[in-house]
Amino acid sequence: MTTSSSRRPRVATAWLAGCSGCHMSFLDLDEALFDLAERADVVFGPLADAKVFPTDVDLTLVEGAVTNTDNLELAQAIRANTQVVVSFGDCAVTGNITALRNALGDPSELLQRVYVEHPDLAGVVPTEVVPDLLPKALPLHEVIGVDVYLPGCPPSAARIKTALFALLDAIEAGEDIATVAAAREPGDLRFGN
Amino acid sequence: MGKLIDLDAMRDAELADRSRRTHRALVCSSTGCLSAGAAGVRAALEEEIEAADRAETLQVVPTGCPGLCSRGPLVQVEPRAGPATLYAEVDPDGARSIARDHLLGDGTGDQVAADVEVVPADLPFFAHQTKVVLANAGRIDPDRLEDYVAAGGYRALYDTLTTMTPEQALTAVERSGLRGRGGAGYPTGRKWRLLAEAPGDHKVVVANGDEGDPGAFMDRTIMDSDPHRVLEGLVIAAYATGAERGYIYVRAEYPLAIERLERAIRAAKRSRLLGKGVLGTDLSFDLQIRVGAGAFVCGEETALMASIEGRRGLPQLRPPYPTERGLWGEPTMINNVETLANIPAILGNGPEWFAAMGTADSPGTKVFALAGSLVTTGLIEVPMGISLRTIVEDMADGIAGGRRFKAAQTGGPSGGCIPERFLDTPVDYEHLRALGSMMGSGGLVVIDDTVNMPEFARFYMAFCRDESCGKCVPCRVGTVQLHALLDRICNGQGRRRDLQHLESLCRTVQVTSLCGLGQSAPNPVVSTLEHFRDEYEALLVEEPVPSAVVTGDAS
Amino acid sequence: MSARPVPPTPPAGPRSARPTVSVTLDGEEVLAFPGETVLALARRLGVPIPTLCQLDGVSVYGGCRLCVVEVEGEHRLPLACATEVSADMDVRSTSSQLRDHRRRIVALLFAEGSHVCAACVASGACELQDLATETGVDHVPYELAFPSHEVDASHPLFVLDRDRCVLCTRCVRVCDEIEGAHVWDIAQRGNDARLVAGMDQPWGEVASCTSCGKCVAACPTGALYHQGTASGERRPDPELIAFLADARGGVWEQRDNGAASQPRDAAGSHEQGTTP
């Protein structure tokens with residue numbers, strides 16, 4: 001699959017259940033952001049102004065684990081409309097900090113204790129503005145197919161830059177993404193920071 | 001020190017006693033029939049005989065297992081002359097009928113009990129069998145040394161000790177071509193040779209009676225039906241290899257076997273068949289039982305030795321091999337119980353006699369425990385090379401309930417399944433391995449078309465996961481993950497990439513695990529994928545949505 | 001420790017000895033010392049082979065299975081840490097299948113524990129974290145267990161977090177073979193296997209613990225650490241173990257490590273040739 005040669009690559013980022021640290025690291029690309037702006041359009045994400053995930057996206061960097069129904073819906077929309085999905089940062093790759101809640105088991109007990117048993121609150125677990133929790137916070141690839149993994153907490157700006165531009169090159173040239181990812185130097189990957 | 005046994009005198013006395021009996025009623029008192037009520041059957045027979053004051057001329061003999069387990073409790077009536085009658089599914093009432101009609105009778109001849117099921121003498125289940133290790137099972141009282149001797153027991157030991165050198169005994173085993181019956185099929189003579197050549201004065205021989213495969217009860221039966229045969233095999237092994245002591249390692253879940261072996265050891269010691277100066281020769285051999293503690297992994301040689309030493313049952317790296325450094329650092333040889341049970345017959349009848357049975361590469365016989373969806377299940381001993389079809393369709397009388405044969409699993413959790421198109425395969429080590437399975441210890445589980453193969457594989461993986469010792473990563477975590485992947489697939493949550501991970505992880509676990517447990521745990525998965533891949537494929541889904549969302553108003 | 005101790009790998013011979021065993025390593029003919037393990041040879045020549053449960057100074061365990069190598073003529077994959085060189089041995093330290101197996105083994109470890117590098121005392125000084133990089137683990141394709149074993153902080157100086165324990169048994173071997181206290185061992189089996197102190201007591205209540213800290217120094221991950229260590233702050237010292245073994249015993253070949261003639265059974269039994 002390639003982009004049609006007549007249009008610029010469409011790149012998106014998404015921030016699911018993460019701390020935004022990966023996006024901060026992304027911003028640390030500094031002047032390389034200008035290079036990105038020259039090559040591609042950022043069509044969705046905290047750094048763009050779109051309310052609905054668009055169609056026909058070439059590359060999406062997804063930060064954060066999938067912990068609630070909102071995350072799940074967005075993840076599914078991303079997969080349906082993106083050619084290359086990247087699990088961006090440890091929370092998306094393994095669940096990381098966000099998934100530490102899994103060790104506590106079923107979250108409904110916690111919700112009960114906080115919202116219902118607490119004397120000062122309304123006595124009801126909020127459901128209107130707040131999305132429902134999934135029983136576990138999950139890595140992204142547990143809910144959608146993922147093409148490339150970029151671990152790190154956060155991945156360094158240098159690593160993001162290398163991956164981002166290599167993927168853009170590959171997408172524009174119509175290369176197989178799995179081969180590009182496999183050709184990566186082992187020393188490029190690291191969990192944590 | 002006991003009185004030296006006179007085998008001829010003991011045999012003659014026993015046979016003389018038997019000749020006073022008009023009939024003997026052999027009541028199977030092995031594990032299966034006992035749990036089906038054999039004790040009550042035996043008691044009823046004895047009561048009737050006592051009441052008729054015929055205890056001198058009739059005899060009730062508790063025996064081991066004749067093999068037709070699914071039709072038990074079994075009673076075999078042997079008249080002093082003439083053919084025997086095998087009664088099946090006998091209860092205490094049936095026992096009384098047998099006593100009155102057949103044993104006591106009215107003197108005009110054998111009156112077969114009318115209202116008790118009789119098994120025809122030409123039943124295919126028996127017709128295709130060749131009993132070597134099970135020759136005495138179901139025919140002698142396992143708790144009586146006299147019975148064993150009357151059946152020819154310890155004669156082979158006597159002849160070996162008095163007419164052969166250790167080297168000659170060793171050569172006999174080598175020439176027989178006997179291969180390990182525990183599963184791997186390693187040439188037994190070669191293993192004995194390794195121990196014989198090992199230096200040292202404190203060598204050890206061990207009988208592996210851990211028998212952990214689900215559904216397998218070959219070794220259990222040998223131990224609880226003919227314990228002296230195992231002892232005799234061990235003493236001959238000690239003579240041939242220069243060992244001075246031995247252990248029989250029995251899993252704790254076989255209390256009857258343990259009890260009967262203990263009794264046999266005591267009787268053997270009293271008669272100088274064990275201990276110092278066996279049968280009046282220079283051979284000294286001490287034998288003890290060691291009981292397991294509930295771990296399948298302790299069937300693995302090095303874990304078994306750790307268990308005997310009182311340590312955690314963890315497998316060790318090899319080399320060093322047990323014959324180099326084993327129990328407490330001494331050269332040690334571990335043989336499966338069924339392997340050892342072949343030894344008296346090989347030494348007694350000669351290696352050529354043994355090699356003439358079975359096939360060229362797999363001589364002799366094999367005991368199989370038939371289980372699963374068969375009409376007739378139980379224990380059989382057949383010559384190697386018999387076809388699977390003969391076992392399944394003739395001997396076991398096909399699939400129960402009018403269902404269809406789907407596959408036969410050999411080798412238990414370490415083995416593979418054999419689908420219908422391979423039913424004509426000869427059962428021997430090489431053919432089964434070529435099919436992606438293995439002989440295994442003898443458990444033969446047959447399943448019908450109601451069984452789902454991914455679920456079947458999952459069952460065995462759960463077993464391996466629960467029995468993993470935990471020492472090595474690929475087995476400890478690999479079996480957990482393989483089970484989780486199988487679970488996902490069986491529950492309709494499996495994606496294509498889960499199937500891919502299943503296959504690739506199977507390879508890693510097979511190839512990098514420390515011991516046979518991990519190395520063979522993926523076998524049922526690999527085998528069912530090879531022969532029934534479509535069943536896995538049919539269960540795959542695109543992208544399942546995570547189930548059970550926690551809602552705000554969850555109660 | 002339930003394993004019978006195998007003598008630790010001696011260093012590459014006394015200075016006067018020369019390597020005389022001809023071995024082919026990754027296609028190159030090299031000379032090894034007699035009795036040298038494939039791992040020691042590879043390290044001496046700068047050829048990387050991943051390890052985890054191996055630790056210079058203590059006995060071989062062979063549990064992590066990472067150091068599997070290919071040897072011509074053997075269809076099984078032997079362990080570099082446990083296999084001595086033999087004349088004309090042809091060894092491959094790496095290959096496509098070895099890489100696949102090692103990657104999967106490391107991924108399995110990540111699936112088993114709660115290895116959240118971002119929040120761990122060991123981040124930056126962790127052998128498991130390094131192994132992920134070395135073996136190419138960029139995600140965990142297996143179901144993460146998300147375990148939550150209770151942290152044992154009962155010891156005044158140290159902490160045990162079992163969620164990070166990879167059951168390498170380095171601490172078990174160090175405490176048994178170097179310190180001689182045998183505080184640690186493994187209890188239960190399979191997936192339930194876990195590190196226990198004393199008779200499965202809180203660490204702080206185990207009287208035989210000498211607080212020497214060698215188990216903490218030897219731990220490859222953030223399972224054992226000093227009280228008060230924050231994220232990324234731990235400073236392991238596994239080389240201390242080899243140093244102590246060497247310093248206390250003299251040169252290894254001259255040590256009476258006992259395993260060759262009289263197996264010193266860590267479980268306490270000293271049976272030798274008698275009928276137990």
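In the text below, chain A, chain B and the rest are named by the order of the sequence lines, each starting its count at 1.
- Only the side chain of B:Gln519 comes within contact range of chain C, judged by heavy atoms closer than 4.5 Å.
- Residues B:Leu539 and B:Arg488 form no side-chain contact, since every pair of their non-hydrogen atoms from C-beta on lies 4.5 Å or further apart.
- With a threshold of 4.5 angstrom between heavy atoms, B:Val511 approaches chain C through its backbone and through its side chain.
- With a threshold of 4.5 angstrom between heavy atoms, C:Ala187 approaches chain B through N, CA, C or O but not through any side-chain atom.
- Counting heavy-atom pairs closer than 4.5 Å to chain B, the top residue among C:Leu109, C:Val68, C:Asp100 is C:Leu109.
- Side-chain contact check for C:Ile105 versus C:Leu131: every heavy-atom pair is 4.5 Å or farther apart.
- Ranked by heavy-atom pairs under 4.5 Å with chain C, the list B:Gly478, B:Ala484, B:Cys472 is led by B:Cys472.
- Looking at B:Asp466, only its backbone comes within 4.5 Å of chain C, counting heavy atoms on both sides.
- In this structure, chain C has no heavy atom under 4.5 Å from any part of B:Thr479.
- With a 4.5 Å cut-off on side-chain heavy atoms, C:Leu41 and C:Phe33 do not count as touching.
- Contact count against chain C (heavy-atom pairs under 4.5 Å) is highest for B:Cys469 among B:Ala295, B:Gly313, B:Cys469.
- Classified by interplanar angle (parallel below 30°, tilted 30° to 60°, perpendicular above 60°), the ring pair B:Trp328/B:Tyr247 is tilted.
- One distance of note links CG of C:Asp163 with CD of C:Glu112; it measures 10.5 Å at 0.5 Å rounding.
- Both the backbone and the side chain of C:Ile186 come within contact range of chain B, each with at least one heavy atom under 4.5 Å from a heavy atom of that chain.
- The pair C:Arg170-C:Glu127 meets the salt-bridge criterion, with a side-chain N (NZ, NE, NH1 or NH2) lying under 4.0 Å from an Asp/Glu carboxylate O.
- Between C:Arg194 and C:Asp200 there is a salt bridge, since a side-chain N of the basic residue sits under 4.0 Å from a carboxylate O of the acidic one.
- If you measure heavy-atom distances from B:Leu514 to chain C, the contacts under 4.5 Å come from both the backbone and the side chain.
- Salt bridge C:Glu150/C:Arg162: absent, no basic N to carboxylate O contact under 4.0 Å.
- Contact tally against chain B (heavy-atom pairs below 4.5 Å) for C:Arg104, C:Arg76, C:Gln97: the top residue is C:Arg104.
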